Structure formats: structure tokens, C-alpha cells
Amino acid sequence: MTLVTVREEHLPAGTLEEKFEAAQAWGFDGISLRRTGERDLVSRMTELRRAKANGVVMPTAGDEARHGVRVPDPSNGSDTLRRLTTQLTVIAEIGGIGLVTSASLGLFSKQVDRVKPPRSHDKQRTVLLEALQKLGAHAESMGVELLLEPRNRYEEGVVTSLADAAHLIEEAGSPAIRIAAGTFHMNLEEADPAAALLGVAAHVGHVRASDSNGREPGAGHLDWALFGSTLRAMGYDRSVAVGAVLSGPAEAVLPPAAGLLRRYL
């Protein structure tokens, strides 16, 4: 059965147990963990262990570090790998499935020259591939997955499509690296999102659901019936996490979003 989860930052303040109670009341099955500021997963181990023992469902976590897997300064690469490796270890300890990250989290856009990349496109891809191979080996040893999210051209310069991610994963050669497919980014980058998703079905390990405008499902114009039928055709039975810029108060807009997804999944 596909789990419908919600990103942690959308839930009311409180303990993870209290957040889980709110999530369930709004129609969700679990929480997709997020870092808050500098609070990484390691600093939350006591809280996370207690939540696991109390039955809180936390299948995935998102990496909010600014630079994702590929960093602007080559000298920082080891710090990036250390952070992601540690977070993968935490995910394993709490019984989760995987850690969602992207290549550079908006630093080297194809369309907006925010920061000049320190390497050529080919070199950036090579560095990313080397990092994925190391992270994939660690994730595999821990029994969890690194979930690579392609992001649209305004936020990313190397991994912008599902096919980009699939090709890198195939080159990395680790079954512990899979795709986190985001509907908002697919809407911008894929000519036919349903066909693109079916084309990489074997690599999809997680789905992030937001509407065409980046808001919660139902606040834009995506075809959620087609989305649901595509996931069913893939035999997808993992988690779909709602994370978006909300169009209104969470308690008002998230229950309908959960209901919409459940109607079609």
C-alpha cells in the first residue's frame, strides 16, 4: 500500500509523537523528516529513537544542506560526504527507507547565473558520480537508500530530468541509489511526465507531490488522476510525500490534499 506522508515542517510544533498525531488527523500515514536550521538528524537521535519506539512512521528524510551532494568548493567535498553518510546511518537506525537529496539545491542553475560553477559541466557530473558511488556503497551497507531528486532548470544545472538521474544511477551501479521524483519539477522539465515516470519506473524509490505552482496537491492544475494511474501502472507501493509552499493554513489546506491523493492512488 502506498503511504501518503507529509513533510515535517508543515506540522504543528511539538514532539514527533504530537506531530504524527496531527498528521494522522489530517489524513496522512507518516512524516517525511526535515532538518530545521542547523539541527541535523544526528542531533535529534534521542527524539528519533523515542518516536520510533512509540510507533511514529518516518520512512524518509530530506537533506536541507545548501549544496546537496555536489558542492561549489572542491575542498568541501569530504564534509558533504560525511554529512550525507551520517544521515544515512541515522535513517537506518530509525528504520527508515532513505534520505532525499539533490545535486546542488539550486546553486548552479541552467537559467540563472547565481554562482559560477567551479568546474565545467562534465567535471561537475564526474564529481557527482564519484560522490554517488561512495554514498551508494554506504547506503547499501546500511540497508537504506539515497534518493536523488532531479530539480528544474531554474534550480539545478546537471540533474534536471528523470532521465538524467536514471543515467547517473546506472553509471553509479548501486541498487541503493534511487530517484525521488518530484511532480513540480517534472511538470517543468518533462514533455510527458507520465511517460517519463514510466520510463524510469525501475529506479523510482520515492515521490514528492506538489502541484504545478509548487503548492499543495489541488492548488494548481496537475492531472492527479493521471498521476495516480501512472503510479499504479508502475506497481509503485512506497511513499508519496506532500511538501509545498502552502496556499493557506496547513490545517485548512493539507487535509484536502491528503484526500485528493488518496482518491487517486
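All values derive from a computational prediction rather than experimental measurement. Counting from 1, the numbers follow the sequence of the chain as shown.
Considering only heavy atoms from C-beta on, L33 comes within 4.5 Å of L16 through its side chain. Counting heavy atoms from C-beta outward, K52 and E47 have side chains that stay 4.5 Å or more apart. Contact of the F28 side chain with the L3 side chain is not registered, since no non-hydrogen atoms from C-beta on lie closer than 4.5 Å. Taking 4.5 Å as the limit, some side-chain heavy atom of I31 sits within range of a side-chain heavy atom of V56. With a 4.5 Å cut-off on side-chain heavy atoms, Q24 and K19 do not count as touching. Counting heavy atoms from C-beta on, the side chains of E149 and R208 come closer than 4.5 Å. You'll find the side chain of V242 reaches within 4.5 Å of the side chain of P217, heavy atoms only. Two residues are said to be in side-chain contact when any heavy atoms from C-beta on lie closer than 4.5 Å; D211 and T183 fail this criterion.
Under a 4.0 Å N-O distance rule, the pair R262/D29 qualifies as a salt bridge. Between E145 and R178 there is a salt bridge, with a side-chain nitrogen of the basic residue lying less than 4.0 Å from a carboxylate oxygen of the acidic one. Using a cut-off of 4.0 Å between Lys/Arg side-chain N and Asp/Glu carboxylate O, E17 and R50 are scored as salt-bridged. Under the 4.0 Å criterion applied to side-chain N and carboxylate O atoms, R151 and E189 are not assigned as salt-bridge partners.
Scanning both residues, L261 and A209, for their nearest heavy atoms gives CD1-CB, 4.2 Å. Heavy-atom minimum distance, M58 versus I94: CE-CD1, 4.3 Å. Taking both residues in full, the closest heavy atoms of R215 and L246 are given as NH1-O, 3.1 Å, listed atom of the first, atom of the second, then distance. The two residues L260 and W224 come nearest to each other via the heavy atoms CD2-CD1, 3.6 Å. The two residues L129 and E171 have their closest heavy-atom pair at CD2-OE1, 3.5 Å. Taking both residues in full, the closest heavy atoms of L162 and E190 are given as N-OE2, 2.8 Å, listed atom of the first, atom of the second, then distance.
If you check the side chains of S32 and T60, you find a donor sitting under 3.5 Å from an acceptor. Between the side chains of H138 and T89, at least one donor N or O lies within less than 3.5 Å of an accepting N or O. Under 3.5 Å, the side chains of E170 and H203 contain a donor-acceptor pair of N or O atoms.
R263 places no side-chain N or O within 3.5 Å of a backbone atom of A225 that could act as its donor or acceptor partner. Listed for the N187 side chain is no donor-acceptor partner under 3.5 Å among the backbone atoms of F184. Looking at T101, its side chain never comes within 3.5 Å of a backbone N or O of L84 through a donor-acceptor pair. Using a distance-only test at 3.5 Å, with no hydrogens or angles considered, a donor-acceptor pair links the side chain of R232 to the main chain of Y264.
Note: the hydrophobic cluster containing L188 does not contain I179 (ILVMFWY, side chain heavy atoms under 4.5 Å, direct or indirect links). Under the 4.5 Å side-chain heavy-atom criterion for grouping Ile, Leu, Val, Met, Phe, Trp and Tyr, V6 is connected to L222 within one hydrophobic cluster.
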(request) Using the salt bridge (Lys or Arg N to Asp or Glu O under 4.0 Å) rule, take R7 and E216 through it: C-alpha gap first, then chi angles, then the decisive distance, then the call. (result) CA-CA 11 Å; R7 279 186 10 196; E216 73 280 355; over 6 Å; no

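More than 12 heavy atoms of other residues, nucleotides or ligands shown are found within 6.0 angstrom of CD on E140.
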